Visitor: 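Got a structure here, written out as structure tokens. Questions coming.
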2 protein chains.
Amino acid sequence: MGSPLPRDPIADAQRNWERHGWGEVAAPMAAITAIMRTQQILLARIEGVLKPFGLTFARYELLALLSFARSGALPMNKASALLQVHPTSVTNAVDRLEKAALVLRSPHPTDGRTTLIELTAEGRTLAKRATAALNSEVFGQSGFGDEDVEHLIRVLGDFRKAAGDFTDG
Amino acid sequence: MGSPLPRDPIADAQRNWERHGWGEVAAPMAAITAIMRTQQILLARIEGVLKPFGLTFARYELLALLSFARSGALPMNKASALLQVHPTSVTNAVDRLEKAALVLRSPHPTDGRTTLIELTAEGRTLAKRATAALNSEVFGQSGFGDEDVEHLIRVLGDFRKAAGDFTDG
DNA sequence: TCCAAACCCTTGGATGTCCTAGTATATTGC
DNA sequence: GCAATATACTAGGACATCCAAGGGTTTGGA
């Protein structure tokens with residue numbers, strides 16, 4: 001999108017906050033802004049690796065989730081809850097995955113309101129290949145040190161829990 | 001979007017990765033997924049605070065950036081570089097801010113290719129009010145401890161630098 | 001001087017996310 | 001048993017992001 005800037009724009013923003021008398025919240029502002037930007041960078045990397053597979057991150061996440069379900073199938077509402085996205089986002093992803101013959105919709109055996117998403121053989125294979133690519137090209141080269149990874153998992157885990165994502169642990 | 005899950009879905013994913021023989025990259029995968037989810041939570045909080053002002057995060061960022069420029073004006077390409085988003089995203093944001101009379105476009109005095117974005121008085125006032133709201137309702141209550149904030153700034157700063165965001169310090 | 005290459009912004013298209021409604025099916029309570 | 005409430009999915013709309021392409025302006029080398 002552009003070449004490197006001569007200065008860190010987030011560090012500059014933090015200084016601006018301090019200069020305007022908002023020093024109390026300048027550091028958290030910088031940390032939060034850094035999280036936003038880091039997510040953007042990571043998402044771009046992930047999408048770049050998935051593109052050759054005809055997948056986006058949203059579709060990959062759903063495929064991966066299904067591949068870990070013993071039966072290879074999940075109700076849409078369950079997928080929505082586990083992926084922590086709006087139900088309409090799941091509908092959207094399933095529409096496209098279904099067109100690509102990677103998943104299929106089937107009626108729930110006992111609840112007429114519910115639709116099950118099932119992985120096709122093709123979908124299972126692609127999920128495996130895409131995961132291997134992500135493991136070697138993104139997760140295996142995150143650039144984060146082992147200690148930092150542990151720290152991130154702990155700090156962000158506490159944050160997510162406090163935000164109401166889950167109740168255990 | 002939903003009530004808390006009984007278990008942390010990211011911790012479950014990490015266990016799944018380990019169970020499938022990808023233990024080497026399970027932790028970075030969990031850290032990266034946690035960053036994605038944390039960004040989602042933070043963005044929702046921010047958008048919630050900005051909604052009463054008729055702003056989105058993208059528009060707020062542009063407004064805030066302009067408010068720190070001494071002249072209150074910046075070329076579009078400069079804004080794109082500093083916000084680290086695609087030029088078309090800036091075009092989009094400016095279109096909407098201009099309709100709301102918060103900024104206006106003016107020609108660059110010496111370079112006919114360039115368009116300057118200028119903050120209006122109304123835009124400057126709104127930026128100030130929105131910043132105050134974010135400071136008190138989001139940044140001031142991030143939920144991150146002081147030490148964790150410092151750690152995040154450092155770790156994510158190193159990451160962004162390694163990713164080519166900037167070259168200084 | 002002058003034309004090609006570089007640069008700047010906008011338009012149009014594809015995706016993803018969320019929200020608000022609307023339809024269909026289950027559950028609950030009287 | 002039936003009406004009221006709750007739940008599940010989908011349709012349509014608003015926004016944001018990126019990419020690909022197009023038109024105008026500058027710059028630089030022949």
Side-chain angles (χ1 to χ4, degrees), chain A residues 1-3 36-37 39-48 50-51 53-63 74-100 103-117, chain B residues 1-3 36-37 39-48 50-51 53-63 74-100 103-117:
Chain A
M1 200 142 25
S3 36
M36 311 294 276
R37 174 58 185 156
Q39 185 269 350
Q40 194 178 15
I41 293 168
L42 289 169
L43 181 59
R45 283 190 194 172
I46 291 171
E47 299 268 7
L50 293 177
K51 193 174 200 100
F53 298 98
L55 292 175
T56 61
F57 187 47
R59 296 177 209 169
Y60 167 76
E61 277 196 297
L62 182 50
L63 232 43
L74 276 179
M76 305 217 19
N77 64 336
K78 194 96 180 179
S80 167
L82 292 172
L83 297 176
Q84 320 221 229
V85 295
H86 199 277
T88 55
S89 296
V90 176
T91 295
N92 186 338
V94 171
D95 284 349
R96 297 170 194 281
L97 288 171
E98 197 171 28
K99 259 181 204 126
V103 307
L104 53 85
R105 272 180 246 241
S106 62
H108 188 288
T110 65
D111 189 333
R113 298 169 299 182
T114 299
T115 299
L116 292 176
I117 323 168
Chain B
M1 200 142 20
S3 36
M36 311 294 277
R37 174 58 185 156
Q39 185 268 351
Q40 194 178 17
I41 293 168
L42 289 169
L43 181 59
R45 282 191 195 171
I46 291 171
E47 299 268 7
L50 293 177
K51 194 175 199 99
F53 297 99
L55 292 175
T56 62
F57 186 47
R59 295 175 212 172
Y60 166 76
E61 278 197 298
L62 182 50
L63 232 45
L74 275 180
M76 306 216 22
N77 64 335
K78 194 97 179 177
S80 167
L82 292 172
L83 297 176
Q84 320 222 229
V85 296
H86 199 278
T88 54
S89 296
V90 176
T91 295
N92 185 338
V94 172
D95 283 349
R96 298 170 194 281
L97 289 172
E98 197 171 28
K99 256 180 206 131
V103 305
L104 52 85
R105 272 181 246 242
S106 62
H108 188 287
T110 65
D111 189 331
R113 297 169 299 183
T114 299
T115 300
L116 292 177
I117 324 167

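All figures in this text were calculated on a predicted structure; none of them were measured in a lab. In what follows, chains are A, B, ... by sequence order, proteins preceding strands, each numbered from 1.
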Visitor: Determine yes or no for a side-chain-to-main-chain donor-acceptor pair under 3.5 angstrom, with B/Q84 supplying the side chain and A/Q40 the backbone.
Guide: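 Checking the backbone N and O of A/Q40 against the side chain of B/Q84, no donor-acceptor pair under 3.5 Å is found.
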
Visitor: Using the side chain to side chain donor-acceptor pair (under 3.5 Å) criterion, which residues pair with B/T110? Sequence neighbours excluded.
Guide: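 Checked B/T110 against side chain to side chain donor-acceptor pair (under 3.5 Å); matches are B/H108.
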
Visitor: Give the minimum heavy-atom separation between B/S80 and B/P87, together with the two atoms involved.
Guide: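 Of all heavy-atom pairs spanning B/S80 and B/P87, the closest is OG-N, 3.6 Å.
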
Visitor: Could you give the CG-to-C1' distance, from A/D95 to D/dC9, as a whole number of Å?
Guide: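 To the nearest whole Å, that distance equals 11 Å.
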
Visitor: Rounded to the nearest 0.5 Å, what's the gap from CG on B/L62 to CG on B/L55? Could you check?
Guide: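 Those atoms lie 10.5 Å apart.
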
Visitor: What is the distance from CD1 of A/I46 to P of D/dC18, rounded to the nearest Å?
Guide: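 So the CD1-P distance, A/I46 to D/dC18, works out to 15 Å.
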
Visitor: From the list C/dC9, D/dC9, C/dA26, which nucleotide is the closest neighbour of the side chain of A/D111?
Guide: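 Ranking C/dC9, D/dC9, C/dA26 by closest atom to the A/D111 side chain puts C/dA26 first.
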
Visitor: What is the distance from CG of A/L43 to P of D/dC19, rounded to the nearest Å?
Guide: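 These atoms are roughly 11 Å apart.
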
Visitor: Can you tell me the distance, in whole Å, between the CG atom of B/L83 and the P atom of D/dA16?
Guide: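 Rounded to the whole Å, the gap is 13 Å.
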
Visitor: In whole Å, what is the span from the CE atom of A/M76 to the C1' atom of C/dA24?
Guide: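 So the two atoms are 15 Å apart, to the nearest Å.
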
Visitor: Expressed in angstrom and rounded to an integer, what is the separation of A/M36 atom CE from D/dT17 atom P?
Guide: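 So the CE-P distance, A/M36 to D/dT17, works out to 10 Å.
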
Visitor: To the nearest 0.5 Å, what is the distance between CG (B/L63) and OG1 (B/T56)?
Guide: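 Going from CG on B/L63 over to OG1 on B/T56, the span is 10.0 Å.
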
Visitor: Does C/dA6 have its OP1 or OP2 closer than 4.0 Å to a side-chain nitrogen or oxygen of B/R113?
Guide: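 The answer is no; no side-chain N or O of B/R113 sits under 4.0 Å from OP1 or OP2.
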
Visitor: Does the protein touch nucleotides 12-20 of chain C at the base, only the backbone, or not at all? Give it as B, S and - per nucleotide, heavy atoms under 4.0 Å.
Guide: ---SSBBBB

Visitor: Considering every strand and a 4.0 Å limit on heavy-atom distances, what is the contact class for B/T114: base, sugar-phosphate, or nothing?
Guide: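 Result for B/T114 = sugar-phosphate.
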
Visitor: Over how many whole Å does the gap from A/H108 atom NE2 to C/dA26 atom C1' extend?
Guide: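 For the pair A/H108 NE2 and C/dA26 C1', the rounded distance is 12 Å.
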
Visitor: May I have the distance from B/I117 (atom CD1) to C/dC8 (atom P), rounded to whole angstrom?
Guide: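 Spelled out: CD1 on B/I117 to P on C/dC8 is 13 Å.
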
Visitor: Compare every heavy atom of B/P75 with every heavy atom of B/L116, then report the nearest pair and how far apart it is.
Guide: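 For B/L116 and B/P75, the tightest heavy-atom pair comes out as CD2-N, 3.6 Å.
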
Visitor: A side-chain contact here means heavy atoms from C-beta on lying under 4.5 Å apart; do A/M76 and A/R105 qualify?
Guide: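 The answer is yes; the side chains approach within 4.5 Å.
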
